Amino acid sequence: MTGTLLAIQGLTKAYPGVLANDAVSFDIGTGEVHALLGENGAGKSTLVKMIYGLVKPDAGRMVMQGAPYAPNAPRAARAAGVAMVFQHFSLFEALTVAENIALGMENPPAMRDLATRIRTVSQTYGLPLDPARVVGDLSAGERQRVEIIRCLLQSPRLLIMDEPTSVLTPQEVAILFETLRKLRSEGVSILYISHKLEEIRALCDTATILRGGRKVATCTPAEKTARDLAEMMVGAVLKVPERHAAPSGDPLLKVTGLSVASPAQFGTALRDISFAVRPGEVLGIGGVAGNGQDELLLALSGELLSRRGMVTVAGQDVSREGPVARRAAGLLCAPEERLGHAAAPDMSLTENAALTAAARMGMLRQGFINWVAARGYAEKVIAAFDVRTPGPQVAARALSGGNLQKFVIGREVLQAPRVLVVNQPTWGVDAAAAAAIRQALLDLAAGGAAVVVISQDLDELMEIADRFGALNGGRLSALRPTAGLSVDEIGLMMGGAHGMEVAHVG
Amino acid sequence: MIRLEKRRMPSQVWTWAAPVVAVLATMVAGGAVFAALGKDPLVAIRTIFWDPLFSEFAFYYRPQLMIKGAPLVLIAIGLSLGFRAGIWNIGAEGQYIMGALAGAGVALAAYPLEAAWLFPAMVIAGALGGWAWAMIPGLLKVTLGTNEILVSLMLVYVAEKILAAMALGLMKNPDGFGFPGSRNLQQYPSATSWIDQAAGLHWGVAAAFIAVIAAYVLLSRHVLGFQIRLAGQAPRAARFAGVNTARLVLFCLGTSGALAGMAGLFEVAGPSGVVSIDFNAGYGFTAIIVAFLGRLHPLGILLAGGLMALTYVGGDMAQANLQLPKAAIQLFQGMMLFFLLAVDVFTNFRLRINLRGAA
């Protein structure tokens with residue numbers, strides 16, 4: 001570490017109604033891995049967008065190596081040596097790796113030269129990747145490598161990474177960290193955005209913690225415990241969910257040899273999935289995104305039908321039944337995508353309450369909907385799950401992601417299901433709300449329901465699941481009790497590192 | 001810099017202001033067209049929008065408004081159900097023709113029998129005729145995944161051929177001295193749809209009002225109406241909720257077909273009276289404009305149907321009194337949809353004018 005690469009001085013940005021960043025100042029050293037920590041809504045993305053030239057600060061300034069730095073567009077940021085890997089990839093699935101990379105460059109070289117350069121960079125930094133492959137066939141980890149290599153080809157001085165490990169297996173995380181450490185040794189600075197505390201402790205030299213738009217602290221993460229960091233992030237003492245359920249009795253949900261094709265073009269078909277969940281049990285299903293999680297939820301919710309005998313609820317075969325009959329049998333689901341799938345964006349919360357609860361909560365009489373009852377149920381969900389909204393007449397799309405997620409989970413939980421299947425129940429939800437949702441799932445299990453939690457957050461699964469399995473290429477690993485399961489074992493269940501046969505860490 | 005910013009919630013004000021603004025913009029642009037044709041724009045606009053209602057001859061034109069408006073409202077109500085669900089029946093004109101042929105066929109087959117059951121039977125036959133014609137795109141979509149827009153539209157031209165064949169062949173009036181066209185059902189007491197011809201009142205007018213009320217109840221109270229809205233707004237959420245898409249397609253196409261067929265029957269048994277080659281007047285297409293102008297809302301459609309009838313009746317007056325070409329009136333009607341779609345952007349977006357330049 002020699003000196004400061006980028007000094008951030010009093011950056012402030014206000015949006016209507018919120019102060020996203022309030023006089024944030026810190027320095028990023030040359031050849032330093034600097035963590036930016038904070039909950040959803042703490043102002044991390046706004047800050048990064050200002051550094052990358054996507055948003056212009058209202059006040060404050062940035063200094064890069066002694067010269068004022070005020071990018072007015074990402075192009076200017078890239079010219080100054082700032083590159084960014086976004087959490088959501090911007091890749092064309094039907095094009096090859098090299099074509100995708102060429103599309104993101106200002107002056108792309110000839111395709112053959114580019115392929116050679118991609119191979120060189122991929123070998124130098126230990127990011128195995130074949131430039132001729134079609135992106136649609138790549139795993140999430142490999143897609144991320146495409147984005148990283150795209151950045152590295154610009155020889156950046158500062159590399160910004162937004163939640164890079166949320167789509168990786170533990171083994172892939174290890175490869176990524178090797179790459180980042182190598183970059184650091186070459187003098188590249190890295191701004192690493194995450195809320196995964198153990199990773200930050202293992203990788204980062206310095207951490208800046210944001211809360212509510214303000215900088216709370218800058219510290220050396222290795223000297224703090226994960227709990228210290230979390231409490232600085234949240235600003236309160238965290239409550240760990242309590243579990244008291246003891247699984248017992250005959251399975252409520254039984255899946256036997258479930259195989260279905262994916263409805264999406266680059267989706268993952270489910271292959272021979274079998275498991276059973278007993279009353280009081282929480283089954284955690286992990287895995288890297290895109291390995292069949294969405295398809296599994298569709299096959300359980302009834303949006304995808306399977307062959308007879310594949311899905312049974314309390315002994316009743318529902319494989320050929322649609323969502324309505326499955327709800328009647330007590331099998332309820334909450335899909336990952338809140339807007340557009342779990343809820344209709346332009347409809348009110350009252351209407352969205354009727355979306356799945358109409359039949360079970362007695363809102364239907366001879367085909368007519370009792371809107372007073374629907375409104376009452378929506379109000380009940382809002383109260384029980386602390387959904388922050390002016391009232392049930394508000395359109396779903398006007399709610400923040402976390403609040404809508406609470407509403408969607410609450411809508412299913414309060415229907416007292418026998419079996420509840422949720423996909424990514426706390427994605428994008430702040431820590432306190434996430435804890436409340438997890439507690440609700442545990443309470444539901446304690447009440448004798450069978451709960452299946454599909455999630456990419458391994459910490460979450462370890463915290464609430466009794467047994468764990470991982471989806472990999474549409475297959476489910478053997479289920480193991482979560483107690484005593486090590487990170488390495490979980491990583492292997494998730495399929496280890498993808499694409500390691502192509503190249504090795506150089 | 002001018003840019004559009006997505007609203008967090010669709011604007012309630014703009015939802016209802018958009019049709020009004022669109023009509024005003026149409027008047028301005030239409031006035032410019034009329035001026036370019038050498039007519040006084042103010043006189044032309046007054047002739048179309050004011051004279052049919054309030055001039056000294058309005059007593060003659062007011063009944064015409066009901067006659068023109070009823071089929072538009074009846075068809076548009078049916079279409080609006082499908083449009084809300086994202087099911088695009090563009091072929092109401094064909095279903096209108098087939099309904100008229102089926103209903104008139106019953107009457108012509110029974111002629112000269114006088115019986116109380118005849119007219120109800122014709123109504124049922126008319127509805128079934130339109131329903132069956134709409135089931136063709138419906139079943140093809142459900143079983144083979146064809147595009148209902150293309151199939152229903154192309155079937156309009158098939159229906160027109162059948163109409164011509166019927167008017168010149170099977171349904172030709174045997175006492176008509178070889179002229180094309182059927183017997184006049186206006187003069188067949190058991191078969192006519194007129195209740196009071198002088199007042200412009202026929203059973204189609206009654207059916208249009210009933211359809212408005214029924215559609216309102218369906219959309220606001222019934223689970224089927226909820227599913228229709230859901231399927232149109234959020235198809236994935238609809239599947240998650242358990243909406244049977246195939247059944248919804250058949251219901252929406254079938255209902256709009258049946259209503260269009262009934263509109264055709266009421267027309268052929270009343271105002272038109274005769275199955276002739278050119279008996280269809282384009283109501284099936286104009287009803288698409290009415291449906292959107294009325295915000296796909298039953299009450300809105302009622303108002304929009306009245307407004308569109310006004311442009312028909314006023315357009316006829318403008319043609320007769322000002323020698324405006326018929327195409328200019330059709331252009332005028334088309335502009336209304338065009339402006340509505342353009343103004344509609346403001347329902348979901350807000351205009352931001354930033355004079356300081358790009359941020």
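As the structure is a computational prediction, the values presented were derived from the model and not from experiment.
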### Task
Please test Leu253(A) against Val311(A) for side-chain contact (heavy atoms from CB on, under 4.5 Å), starting from the C-alpha separation and ending with a verdict.
CA-CA 7 Å; Leu253(A) 174 67; Val311(A) 181; 4.2 Å; yes

### Query
Out of curiosity, Met308(B) CE to Ile301(B) CD1, how far, rounded to the nearest 0.5 Å?
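One gets 12.0 Å once the value is rounded to the nearest 0.5 Å.
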
Please flag which part of [X] lies under 4.5 Å from any non-hydrogen atom of chain B: side chain, backbone, both or neither.
X	value
Glu337(A)	side chain
Ala358(A)	neither
Arg326(A)	neither

### Task
Return the orientation label for the Phe292(B) and Trp88(B) ring planes: parallel under 30°, perpendicular over 60°, tilted otherwise.
parallel

### Query
Taking Ala238(B), Ala237(B), Pro235(B) one by one, which has the highest count of heavy-atom pairs under 4.5 Å against chain A?
Ala237(B)

### Message
Counting heavy-atom pairs closer than 4.5 Å to chain A, which one of Leu230(B), Val217(B), Leu224(B) comes out on top?
### Response
Leu230(B)

### Summary
Residues Leu79(B) and Asn89(B): closest non-hydrogen pair is CD2-O, 3.3 Å

### Task
Write down the atom of Leu265(B), the atom of Gly126(B), and the distance for their closest heavy-atom approach.
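Between these two residues, the closest heavy atoms are CB-CA, 4.2 Å.
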
### Query
For chain B, which residues from residues 369-379 of chain A lie under 4.5 Å away (heavy-atom distances)?
Ile369(A), Trp371(A)

#### Entry: Cation over ring face, Arg338(A) and Phe240(B), 6.0 Å, 45°
no

### Task
Count the heavy atoms belonging to other residues, nucleotides or ligands that lie under 6.0 Å from CZ of Phe338(B), then report whether that count exceeds 12.
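Open.
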
### Query
Is there a donor-acceptor contact under 3.5 Å linking the side chains of Arg221(B) and Tyr216(B)?
no

#### Entry: Short side-chain donor-acceptor distance under 3.5 Å, Ser256(B) and Gln95(B)
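Side chains of Gln95(B) and Ser256(B): no pair found under 3.5 Å.
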
### Task
Name the member of His341(A), Met347(A), Met363(A) that forms the most heavy-atom pairs with chain B at distances under 4.5 Å.
His341(A)

